Amino acid sequence: MFEARLSSATTLKKVLDAIKDLLNEATFDCNDSGIQLQAMDNSHVSLVSLTLRADGFDKYRCDRNLSMGMNLGSMAKIMKCANNDDTVTMKAQDNADTVVFMFESQNQEKVSDYEMKLMNLDQEHLGIPETDYACIVRMPAMEFARICRDLSQFGESLVICCTKEGVKFSASGDVGSANIKLAQTTSVDKEEEAVIIEMQEPVTLTFACRYLNSFTKATPLTNQVQLSMSMDVPLVVEYRIQDIGHVRYYLAPKIED
Amino acid sequence: ENSQKNIRTFFLSK
């Protein structure tokens, strides 16, 4: 028996919005420590890794490890039927071929359940090695989304250059070029508005704007985003999900041939 | 033009 309950459907709606741009379908691996999902996008350029810890749910029970392959478009149709303040419960029997989403209104007067067929997905799991990154940037998630959106008008690629003074985002193309520099915050009044840089050595890397823009669909989940970079290895874009886990995106850099 | 790498080339298949 698997059962996981969240007191507000908003979190699950936001999590789904954060991944469905990149993934059509994905396997939710459930065990007694929580729910994990790892999947590459169709073109195998980026990797999505989601962790929802058991202790972050209002109720969590998973008697046997369970892998639930879901069509995220179908899941989105179901989640659309939930009000933000509904309680949402996911339920499945052991070895089930369906999962049930149950929504309960706050006053308990409306209860809906939606049963969705599960899929057998043949997904490759990748081992991500522990890495000491040359630069780690923490910045407001809204600011990062704005920069990706603005600069993607000027080119397909975004260059991120990080030094201890700050981080510079650049794009260029037919129109011309655009640069946005963010200085490291000197005095932190509001932590969520700070730009913090931990630098071992400076890094300049180039990434496809299209994927960065997809990652920023996770912005409603949290105030701050963390970018971890080292030369010629994938960028990690991490959004923490308060009290329950995180979604991480790994993006392969563009490299000169 | 820089070439786009495949994410799989950086991580090991489990």
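Only heavy atoms go into these numbers, but all of them, side chains included; no hydrogens, no water, no symmetry mates. All figures in this text were calculated on a predicted structure; none of them were measured in a lab. In the text below, chain A, chain B and the rest are named by the order of the sequence lines, each starting its count at 1.
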key: Nearest heavy atoms of A:Ala252 and B:Asn6, plus distance in Å   = CB-C, 4.1 Å
inquiry  = With a strict 4.5 Å heavy-atom criterion, list every residue of residues 196-209 of chain A that contacts chain B, or say none.
reply    = A:Thr206, A:Ala208
Minimal non-hydrogen separation, B:Phe11 against A:Gly127, with atom names = CB-O, 3.4 Å
query = Checking A:Asp232 against chain B: side chain, backbone, both or neither under 4.5 Å from a heavy atom?
reply = backbone
inquiry  = Just to verify, what does A:Arg240 make a side-chain contact (heavy atoms from CB on, under 4.5 Å) with, not counting sequence neighbours?
reply    = A:Gln226, A:Glu238
request  = Mark yes when over 12 heavy atoms from residues, nucleotides or ligands other than A:Lys217 sit less than 6.0 Å from its NZ; otherwise mark no.
outcome  = no
message = Centre-to-centre under 6.0 Å for A:Tyr250 and B:Phe10, is that the case here?
response = no
query = Given the options A:Ser43, A:Pro129, A:Ser46, which has more heavy-atom pairs under 4.5 Å with chain B than any of the others?
reply = A:Ser46
query = Looking only at heavy atoms, which two atoms of B:Ile7 and A:Val45 are closest? And how far apart?
reply = CB-O, 3.3 Å
ask   = More than 12 non-hydrogen atoms from neighbouring residues, nucleotides or ligands closer than 6.0 Å to CE on A:Met142, yes or no?
value = no
ask   = Does A:Asp150 have any salt bridge (Lys or Arg N to Asp or Glu O under 4.0 Å) partners at least two apart in sequence or in another chain, and if so, which?
value = A:Arg146
key: Partner set under side-chain hydrogen bond (donor to acceptor under 3.5 Å, both in side chains) for A:Thr216, not counting sequence neighbours   = none
request  = Could you tell me whether A:Asp55 atom CG has more than 12 heavy atoms of other residues or ligands within 6.0 Å of it?
outcome  = yes
